[in-house]
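By convention in this document, chain letters (A, B, ...) are assigned in the order of the sequence lines, proteins followed by strands, and residues within each chain are numbered from 1.
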Amino acid sequence: MPKIGRMLQLGFIHSNREKVLEGLKKKNFQDLELVDKIIASDDLRKNLQFNTEELLAKRNAASKAIGALIAEGRKEDAEAKKAEVSAIKETIDNYALQLAEVEALVDGMLVRLPNLPNERVPEGKSADDNTVIRQHGEIPQLHDGAVPHWDLITKYDLVDFQTGVKITGSGFALYKGKGAKLQRAMIQYFLDHNIAGGYTEYMPPYVVNTASAYGTGQLPDKEGQMYHMAIDDLYLIPTAEVPVTNIYRDEIIPSASLPVKMTAYTPCFRREAGSFGKDVRGLNRVHQFDKVEVVQMAEASTSYDVLEEMVLHVEKLIQSLGLPYRILLLCGGDMGFASAMTYDFEVYSAAQERWLEVSSVSNFESFQSNRMKIRTKDENGKTQLLHTLNGSSLALPRILASLLENYQTPEGILIPEVLRPYFGADMIA
RNA sequence: GGAGAUUUGUCCGAGUGGUUGAAGGAGCACGCUUGGAAAGCGUGUAAACGGGAAACUGUUUCGAGGGUUCGAAUCCCUCAGUCUCCGCCA
């Protein structure tokens with residue numbers, strides 16, 4: 001485990017034990033005893049740290065004195081002093097060892113603690129308990145003989161799953177011809193939409209180190225869900241959020257540069273073990289998919305305004321594609337590990353007759369910035385943790401699925417107006 | 001991948017074992033000066049983690065980790081980044 005710094009969260013846990021427990025319960029976190037274990041271990045840690053530092057201070061003072069004595073030529077006094085320091089050395093080493101152990105213990109427990117939900121997050125155990133904030137767009141009436149996207153994909157030769165299996169394995173799609181071009185068109189259009197919204201485009205590495213994966217909270221929580229390259233101890237990114245947020249790891253951002261708004265297109269890699277049936281059919285769930293992400297870093301006082309702004313930004317994008325969608329406020333039990341509040345966007349997939357999640361917009365408050373030490377200076381010159389936020393704008397495969405299904409006609413698949421300049425045609429026939 | 005050089009604060013840069021968290025400069029902030037600005041002068045200018053109501057104070061940090069030593073930016077080891085040459089390569 002990389003060093004992620006002594007967490008400021010500790011002070012909060014100490015003085016808000018009840019609140020922390022309450023929040024964890026809302027998030028459906030099972031291992032509630034962890035909180036008291038952390039508090040106890042941290043008390044021990046402080047104690048050890050105090051004792052250790054006291055001895056270190058003593059040693060430093062004595063060592064300085066030795067230097068002075070030697071300078072004065074009082075060799076014997078210096079030797080006597082040396083013996084004195086040597087005597088406490090063993091104790092120091094002993095303490096330091098214990099301290100390191102306890103620190104590792106505390107850190108190890110702390111990284112397993114999820115973020116607390118915002119007060120406004122509703123109670124609930126699962127996706128069934130999410131709140132629909134609003135719904136928009138007509139559910140299209142499909143013509144007779146309308147089919148799900150996996151059949152359309154075959155019919156128009158847009159994606160070749162069999163060959164993807166041959167090349168790699170199941171869940172790896174081979175986009176082809178118009179299918180590949182439509183992907184590229186969407187990526188380009190989504191990025192342009194984000195740039196117009198004030199986001200700066202980035203092309204980050206698609207592979208990250210463990211420090212980055214810890215920073216955004218993928219580790220240790222989602223260890224098994226990322227592809228790991230053992231030889232180099234690197235991870236394939238599950239989302240652009242990881243490299244993009246880590247751009248500012250260990251940085252102090254001048255307040256004049258806030259909020260930081262970034263966007264990036266990347267492929268995303270997810271192992272997603274243990275799903276089956278209609279959930280993974282066609283493009284519903286794949287191991288590698290394309291996504292355009294938006295990330296913001298904002299001052300704590302404004303982060304919930306920023307969250308709403310990001311929701312509107314994504315909403316406009318979906319609207320422009322003419323897809324029926326709804327926005328959900330996730331309940332405590334359905335939220336991600338690192339999030340304090342999450343809105344999910346779902347588009348309607350007319351032939352499957354179900355909602356598909358295409359975006360997730362979250363405020364992480366200081367959970368990620370605490371791990372990554374992303375800070376700013378306030379008016380008083382004090383360093384303050386920033387809040388980090390991110391959202392998909394958008395995840396492509398399910399958008400493609402729903403575009404194909406909703407826009408199918410007996411003559412072919414209509415391309416939404418906004419994509420036509422990028423795609424170079426108004427129909428796939 | 002091989003060989004050599006290098007890695008110091010916001011930046012440049014000094015520093016080969018003893019008040020060095022770090023000279024000097026630049027930048028930045030504040031103050032003085034000025035009709036105003038520039039120049040000039042003065043002062044200040046890292047973070048993390050502790051103790052303390054606070055003033056203040058302790059520890060750690062000179063690429064990262066380990067070691068030697070009473071004491072390390074300075075010596076040793078391992079790893080990483082950068083640069084140059086060679087090799088390989090889109």
Interatomic distance at C1', rA72(B) relative to rG67(B), whole Å: 12 Å
P atoms of rU82(B) and rA39(B), separation to the nearest Å: 38 Å
Candidates Glu365(A), His387(A), Glu309(A), Arg120(A) - the one meeting side chain to side chain donor-acceptor pair (under 3.5 Å) with Tyr304(A): Glu365(A)
For rU82(B), the nucleotide meeting Watson-Crick or G-U wobble distances (both under 3.5 Å) is rA5(B)
From the list rC49(B), rU69(B), rA47(B), which nucleotide is the closest neighbour of the side chain of Ile252(A)? rA47(B)
Listed pairs, N/O of protein and of nucleotides 56-61 of chain B, under 3.5 Å:
unit_1: rG58(B); atom_1: N2; unit_2: Glu53(A); atom_2: OE1; d: 2.9
unit_1: rG58(B); atom_1: N2; unit_2: Glu53(A); atom_2: OE2; d: 3.1
unit_1: rG58(B); atom_1: N3; unit_2: Glu53(A); atom_2: OE1; d: 3.4
unit_1: rU59(B); atom_1: OP1; unit_2: Asn60(A); atom_2: ND2; d: 3.3
unit_1: rU60(B); atom_1: OP2; unit_2: Asn60(A); atom_2: ND2; d: 3.3

Watson-Crick or G-U wobble partner of rA48(B), both distances under 3.5 Å: rU59(B)
Gap between atoms CD and P, on Glu251(A) and rA48(B) respectively (whole Å): 14 Å
Between rG50(B) atom P and Leu99(A) atom CG, what is the distance in whole Å? 11 Å
For Lys46(A), answer base if it contacts any base atom (sugar-phosphate contacts may also be present), sugar-phosphate if it contacts only those atoms, and nothing otherwise; contact means non-hydrogen atoms under 4.0 Å. sugar-phosphate
Given rC70(B), rA48(B), rG51(B), identify the nucleotide with an atom nearest to the side chain of Arg375(A). rA48(B)
Select from Lys89(A) and Gly67(A) the residue whose nearest nucleotide in RNA chain B is closer to the 5' end of that strand. Gly67(A)
Please report, rounded to the nearest Å, how far the P atom of rG67(B) is from the CD1 atom of Ile92(A). 14 Å
Indicate whether the side chain of Gln218(A) and that of Thr216(A) have a donor and an acceptor atom separated by less than 3.5 Å. yes
Please determine, by modelled atom types, if Tyr248(A) and Thr388(A) share a side-chain donor-acceptor pair under 3.5 angstrom. no
Please determine, for rC41(B), whether a Watson-Crick or G-U wobble partner exists with both distances under 3.5 Å, and give it or none. rG31(B)
My understanding is that a pair needs two contacts under 3.5 Å, Watson-Crick or G-U wobble. By that rule, which nucleotide pairs with rC88(B)? none
Given that Ile66(A) and Lys377(A) both sit by RNA chain B, which one's nearest nucleotide is further toward the 5' end? Lys377(A)
Nearest whole Å is fine: how far is rA48(B) P from Gln384(A) CD? 10 Å
Evaluate the side-chain proximity of Phe367(A) to Phe337(A): yes if any heavy-atom separation is below 4.5 Å, no if none is. yes
Which of these nucleotides, rC70(B), rG18(B), rA48(B), is closest to any side-chain atom of Ser86(A)? rC70(B)
Side-chain donor-acceptor pair under 3.5 Å between Tyr265(A) and Glu201(A), yes or no? no
Verify whether one side chain among Ser212(A) and Arg249(A) offers a donor that lies under 3.5 Å from an acceptor in the other. yes
Span that lies between the C1' atom of rU33(B) and that of rC41(B), in whole angstrom: 8 Å
Check: Asp36(A) and Arg17(A) side chains under 4.5 Å, non-hydrogen atoms: yes
Side chains of Tyr95(A) and Glu53(A): any donor to acceptor distance under 3.5 Å? no
Using the side chain to side chain contact (heavy atoms under 4.5 Å, CB included) rule, pick out the option among Glu293(A), Arg371(A), Gln368(A) that qualifies with Thr245(A). Gln368(A)
Measuring to OP1 and OP2 of rA48(B), would you say a side-chain N or O of Thr383(A) lies under 4.0 angstrom away? yes
Rounded distance (Å) that lies between atom C1' of rA48(B) and atom CE of Met372(A): 17 Å
Once you round it to whole Å, what is the distance between P of rG17(B) and NZ of Lys82(A)? 15 Å
Roughly how many Å apart are rU8(B) and rU20(B), using the C1' atom of each and rounding to a whole number? 11 Å
Take atom P in rU45(B) and the same atom in rG58(B), then report the distance between them in whole Å. 16 Å
With rounding to whole Å, what would you report as the distance between rA26(B) and rU78(B) at their P atoms? 41 Å
Nucleotide rG50(B), atom C1' - distance to CG of Leu44(A) in whole Å: 15 Å
Distance between the C1' atoms of rU74(B) and rC83(B), in whole angstroms? 23 Å
Whole angstroms only, please: what is the NZ-C1' distance between Lys382(A) and rA47(B)? 14 Å
Quick one: which of rG50(B), rA47(B), rC70(B) gets closest to the side chain of Val85(A)? rC70(B)
Taking only the P atom of each, what is the distance from rA5(B) to rC12(B) in whole angstrom? 22 Å
